[in-house]
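Reckoned from all heavy atoms, side chains included, excluding hydrogens, waters and symmetry mates. Proteins get letters first, then strands, A, B, ... in listed order; numbering begins at 1 in each.
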Amino acid sequence: MTVVTRIAPSPTGKLHIGTARTALFCKLFAQHMGGKYLGRIEDTDKERSTEENVQLIEQALDWLDLQPDEPWVYQSKHEARHKELAEKLLAEGKAYKCFATAEELEQMREEQRARNENPMYDNRWRERTDHPEGTAYVVRLKTDLEGYTSWDDIVQGHIDYPNTQIDDFIILRSDGSPTYQLAVVADDHDMGVTHVVRGDDHINNTPKQIMLYKALGFDVPHFAHMPLIHGEDGKKLSKRHGAVAAMDFKDMGYLKEALVNYMLRLGWSAGDLEKINYEEAIKLFELKDITKSPANMDIQKLNWLNGEYLKDMSPEAILEEIMPYLNTDLSTSAKERLLKGLPGLVQRENLLPNLAKAADIYIADSIELNEQAAQKLADADKDKLAELVSKLEQTPWEEDDLSATIKGFVKETGLKMPMVMMPLRAALVGTPQAPGVSELLIVIGKDESLNRLKAQF
RNA sequence: GUCCCCAUCGUCUAGAGGCCUAGGACACCACCCUUUCACGGUGGAGACAGGGGUUCGACUCCCCUUGGGGAUGCCA
């Protein structure tokens with residue numbers, strides 16, 4: 001049997017980070033098993049679904065390289081088939097028409113709540129045959145009244161759900177449209193889905209769906225209910241927590257590789273491995289290794305991972321990532337400096353926007369001193385430093401040699417290290433907050449470095 | 001209220017009855033390195049929610065309590 005998984009977002013909002021993680025797990029599992037990973041847009045909620053959200057969801061999945069293996073299936077296009085299935089159940093006596101109005105049912109629930117009971121449909125039309133003519137009705141599934149509906153959940157283990165807790169739920173609305181329960185079951189079956197991987201907020205829907213599978217004569221797929229992601233305070237992830245949409249993380253300057261790795265480790269692990277690239281993940285990923293407890297978002301760890309991935313990238317690739325944050329055109333020499341300087345900068349900053357800011361020192365072709373730099377220069381012994389500059393001029397332009405020259409100079413003059421290094425940094429890049437002087441000299445290059453130094457000393 | 005699910009350091013997690021003096025990672029603290037800021041290195045602090053069982057022996061199995069999450073829609 002070939003494994004088929006699916007991601008089924010409903011276009012009522014942007015792609016939630018939790019949904020993105022579900023997509024990751026679905027795709028990884030399918031690839032691990034040599035199966036297929038499909039996608040379906042659950043747009044049966046006509047009130048809230050929008051085409052714009054569909055676009056947004058696809059863009060986010062695209063960014064993360066989590067696009068389905070085949071073109072998207074739109075649930076709304078299968079309405080005819082859903083209806084046909086409901087009619088079949090009706091004809092077989094496995095479902096029935098209910099003529100109760102929404103108001104009537106609301107009142108029923110109100111009374112149940114007043115009696116401290118679990119609000120549930122009371123089966124008032126289950127056995128009635130005195131159907132009124134020309135009145136709107138919904139179609140409800142005739143569910144099992146007693147016993148348990150059970151399944152072996154791949155992540156949660158064996159679950160027994162008492163049938164007394166499940167009412168005769170609606171499968172076809174009064175306007176003839178299918179509800180979610182009917183639509184998922186029908187579509188998952190029609191798409192050949194073998195493993196339903198989704199958030200554990202669907203555990204309560206599962207027994208209903210199993211009943212539907214059975215009533216329809218369909219094979220029941222395997223289920224894997226993974227815990228939801230919570231915010232840093234342990235509460236449900238919401239907009240209050242900042243980022244909830246996958247794309248928010250792109251906007252904040254995270255690398256997709258880092259986000260994917262982070263999502264992977266949220267609720268799943270393989271021994272002590274932390275940094276796992278996608279290819280390794282395919283080999284290692286098993287649904288059964290997903291944790292049962294919910295995970296809290298920890299932005300610090302994401303930051304760390306981002307830095308790890310940044311350090312692995314080529315200067316060219318890093319430059320491409322930070323370009324959007326630079327908001328300026330680069331001169332040829334600036335680009336050259338950036339390419340040389342980025343590997344050093346990346347040791348200091350984990351996030352793209354911060355890195356871009358740090359890269360500022362290499363962008364300008366002419367130096368502009370900030371306040372601190374001006375102070376360091378004002379305090380400096382310019383005559384002595386001028387001697388250093390001419391020594392540097394005679395030194396082979398290699399980091400180690402330059403460093404040796406500077407250290408030797410410091411030793412023989414007896415000057416304090418910072419009294420040498422700080423003014424040098426100031427002269428070189430306009431701020432004392434910069435990488436090591438010898439690193440700066442290399443990045444900026446011999447000619448330009450000497451120009452800048454001689455301008456001050 | 002009722003039902004379902006969950007429960008190891010601050011956070012992500014390892015742990016499938018003796019390997020646990022509970023391991024790793026992020027964050028934190030100290031020291032080292034050092035040219036500011038970082039990187040790196042070494043070390044430190046830090047958890048089995050509580051109570052009952054079962055067992056020669058429980059982080060691991062069972063029950064209860066507590067806490068958290070979810071469901072209880074003609075939403076998905």
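- Here the P atom of nucleotide B:C12 and the CD1 atom of A:Ile299 are 14 Å apart, to the nearest Å.
- Pairs passing the side chain to side chain donor-acceptor pair (under 3.5 Å) check and including a residue from residues 133-143 of chain A, sequence neighbours excluded, read A:Thr143-A:Asp168.
- Base orientation of B:C39: syn (glycosidic angle within 90° of 0).
- Distance noted for atom P between B:G40 and B:A27: 9 Å (whole Å).
- Within the 4.0 angstrom heavy-atom criterion, no nucleotide atom of any strand lies near A:Pro227.
- Taking a 4.0 Å limit (strictly below) on heavy-atom distances, residues 259-268 of chain A reaches RNA chain B at A:Arg265, A:Leu266, A:Gly267.
- A gap of 16 Å separates the C1' atoms of B:U21 and B:G15, to the nearest Å.
- The separation of B:C5 from B:G41, taken at their P atoms, amounts to 44 Å, rounded to a whole angstrom.
- Counting any heavy atom pair closer than 4.0 Å across all strands shown, A:Glu47 reaches no nucleic acid atom.
- The side-chain heavy atoms of A:Thr179 and A:Thr44, taken from C-beta on, include no pair separated by under 4.5 Å.
- One C1' atom belongs to B:A14, the other to B:A22, and the distance between them is 10 Å to the nearest Å.
- Searching all strands for a Watson-Crick or G-U wobble partner of B:U2 with both distances below 3.5 Å returns B:A71.
- A:His78 and A:Asp190 share no donor-acceptor pair across their side chains, judged by distance under 3.5 Å alone.
- In this structure, A:Pro294 reaches the sugar-phosphate backbone alone: every heavy-atom distance under 4.0 Å involves primed, P, OP1 or OP2 atoms, never a base.
- Residue contacts for A:Ala434: at a heavy-atom cut-off of 4.0 Å it reaches a base atom on one of the strands shown.
- A distance below 6.0 Å separates the ring centres of A:Trp125 and A:Phe99.
- With salt bridges taken as basic N to acidic carboxylate O contacts below 4.0 Å, one links A:Arg109 and A:Glu106.
- Residue A:Pro432 is classed as a base contact, given a heavy-atom separation below 4.0 Å to a base.
- Taking atom P on both B:C59 and B:U8, the two are 15 Å apart, rounded to the nearest angstrom.
- Both A:Met421 and A:Lys46 lie near RNA chain B, and the one whose nearest nucleotide falls closer to the 5' end is A:Met421.
- Among the heavy atoms of the strands lying under 4.0 Å from A:His202 is at least one base atom, whether or not backbone atoms are also near.
- Base pairing of B:C39: no nucleotide in any strand meets the Watson-Crick or G-U wobble criterion (both distances under 3.5 Å).
- Minimum atom distance to the side chain of A:Asp45 is reached by B:A76, of the listed B:U11, B:A76, B:G70.
- A cation-pi arrangement, defined by a distance under 6.0 Å to the six-membered ring centre and an angle within 45 degrees of its axis, is present between A:Lys275 and A:Tyr309.
- Applying the side chain to side chain donor-acceptor pair (under 3.5 Å) rule to pairs touching residues 415-432 of chain A yields A:Asn370-A:Thr431, sequence neighbours excluded.
- Closest contact between the side chain of A:Asp298 and the listed nucleotides B:C12, B:A27, B:U11 involves B:U11.
- Judged by distance alone, with hydrogens and angles left aside, A:Asn205 brings a side-chain donor or acceptor within reach of the base of B:A76, the pair sitting under 3.5 Å.
- Residue-level contact check: A:Ala102 touches the bases, meaning some heavy atom is under 4.0 Å from a base atom.
- Comparing the same atom, C1', in B:G17 and in B:G53 gives a spacing of 15 Å after rounding to whole Å.
- Here, B:G18 and B:C29 have their P atoms 38 Å apart, quoted to the whole Å.
- Here A:Arg109 reaches the OP1 or OP2 of B:C74: one of its side-chain N or O atoms lies under 4.0 Å away.
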Between the protein and nucleotides 38-41 of chain B, list the N/O to N/O atom pairs that are separated by less than 3.5 angstrom.
{"from": "B:A38", "atom 1": "O2'", "to": "A:Gln347", "atom 2": "O", "distance (Å)": "2.5"}
{"from": "B:C39", "atom 1": "O2'", "to": "A:Gln347", "atom 2": "OE1", "distance (Å)": "3.0"}

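- Listed nucleotides B:C4, B:C74, B:G24 differ in distance to A:Ile159; the shortest reach to its side chain belongs to B:C4.
- Of the candidates B:U35, B:G68, B:U2, the closest approach to any side-chain atom of A:Gln165 belongs to B:U2.
- One atom, CZ of A:Arg40, and another, P of B:A76, lie 12 Å apart when rounded to the nearest Å.
- Residue A:Ser49 is out of contact with every strand shown, counting any heavy-atom pair closer than 4.0 Å.
- Between B:U13 and A:Thr291, a contact under 4.0 Å exists linking OP1 or OP2 to a side-chain N or O.
- When heavy atoms are screened at a 4.0 angstrom cut-off, A:Glu42 is found touching the sugar-phosphate backbone but no base atom.
- Closest approach to the A:Gln156 side chain among B:U35, B:A76, B:C6 is made by B:C6 (side chain taken as heavy atoms from C-beta onward).
- For the residue pair A:Glu257/A:Asn277, the side-chain donor-acceptor check at 3.5 Å is not satisfied.
- A salt bridge is absent between A:Asp187 and A:Arg6; no separation between the charged side-chain nitrogens and carboxylate oxygens falls under 4.0 Å.
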Please test A:His202 against A:Tyr180 for ring-ring contact (aromatic ring centres under 6.0 Å, His included), starting from the C-alpha separation and ending with a verdict.
CA-CA 12 Å; A:His202 283 287; A:Tyr180 164 73; 5.8 Å; yes
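- Look at B:A16: it lacks any Watson-Crick or wobble partner with both distances under 3.5 angstrom.
- The pair A:Glu104-A:Arg124 meets the salt-bridge criterion, with a side-chain N (NZ, NE, NH1 or NH2) lying under 4.0 Å from an Asp/Glu carboxylate O.
- Across all strands shown, A:Asp175 has no heavy atoms under 4.0 Å from either base or sugar-phosphate atoms.
- Side-chain N/O atoms of A:Ser269 include one lying less than 4.0 angstrom from OP1 or OP2 on B:A14.
- Residues that satisfy the salt bridge (charged side-chain N to carboxylate O under 4.0 Å, His left out) test with A:Lys301, not counting sequence neighbours, are A:Glu274.
- Donor-acceptor pairing under 3.5 Å, judged by distance alone, is present between the side chain of A:Ser174 and the base of B:C74.
- Using a 3.5 Å distance cut-off with no hydrogens or angles, the side chains of A:Glu51 and A:Gln55 do pair a donor with an acceptor.
- Side-chain nitrogen and oxygen atoms of A:Asn303 include none within less than 4.0 Å of the OP1 or OP2 phosphate oxygen of B:C26.
- Within 4.0 Å (heavy atoms only), A:Ala100 reaches at least one base atom of the nucleic acid.
- Straight-line distance between the P atoms of B:G23 and B:A47: roughly 11 Å, to the nearest whole Å.
- Taking 3.5 Å as the limit, the base of B:G1 and the side chain of A:Glu117 contain no donor-acceptor pair of atoms between them.
- Distances from the side chain of A:Ile203 to the nucleotides B:C74, B:U2, B:C5 place B:C5 closest.
- Remark on RNA chain B: of its neighbouring residues A:Arg48 and A:Asp201, the 5'-side contact belongs to A:Asp201, judged by nearest-heavy-atom nucleotide.
- Counting atom types as modelled, A:Asp200 pairs no side-chain N or O with a base atom of B:G70 as donor and acceptor under 3.5 Å.
- When both distances must be under 3.5 Å, the Watson-Crick or G-U wobble mate of B:C9 does not exist.
- Note on A:Lys301: every side-chain N or O is 4.0 Å or more away from OP1 and OP2 of B:C12.
- Listed by first and then second residue, the ring-ring contact (aromatic ring centres under 6.0 Å, His included) pairs that reach into residues 155-178 of chain A come to none, sequence neighbours excluded.
- The listed nucleotides are B:G1, B:A25, B:C6; the one nearest the side chain of A:Ser293 is B:C6.
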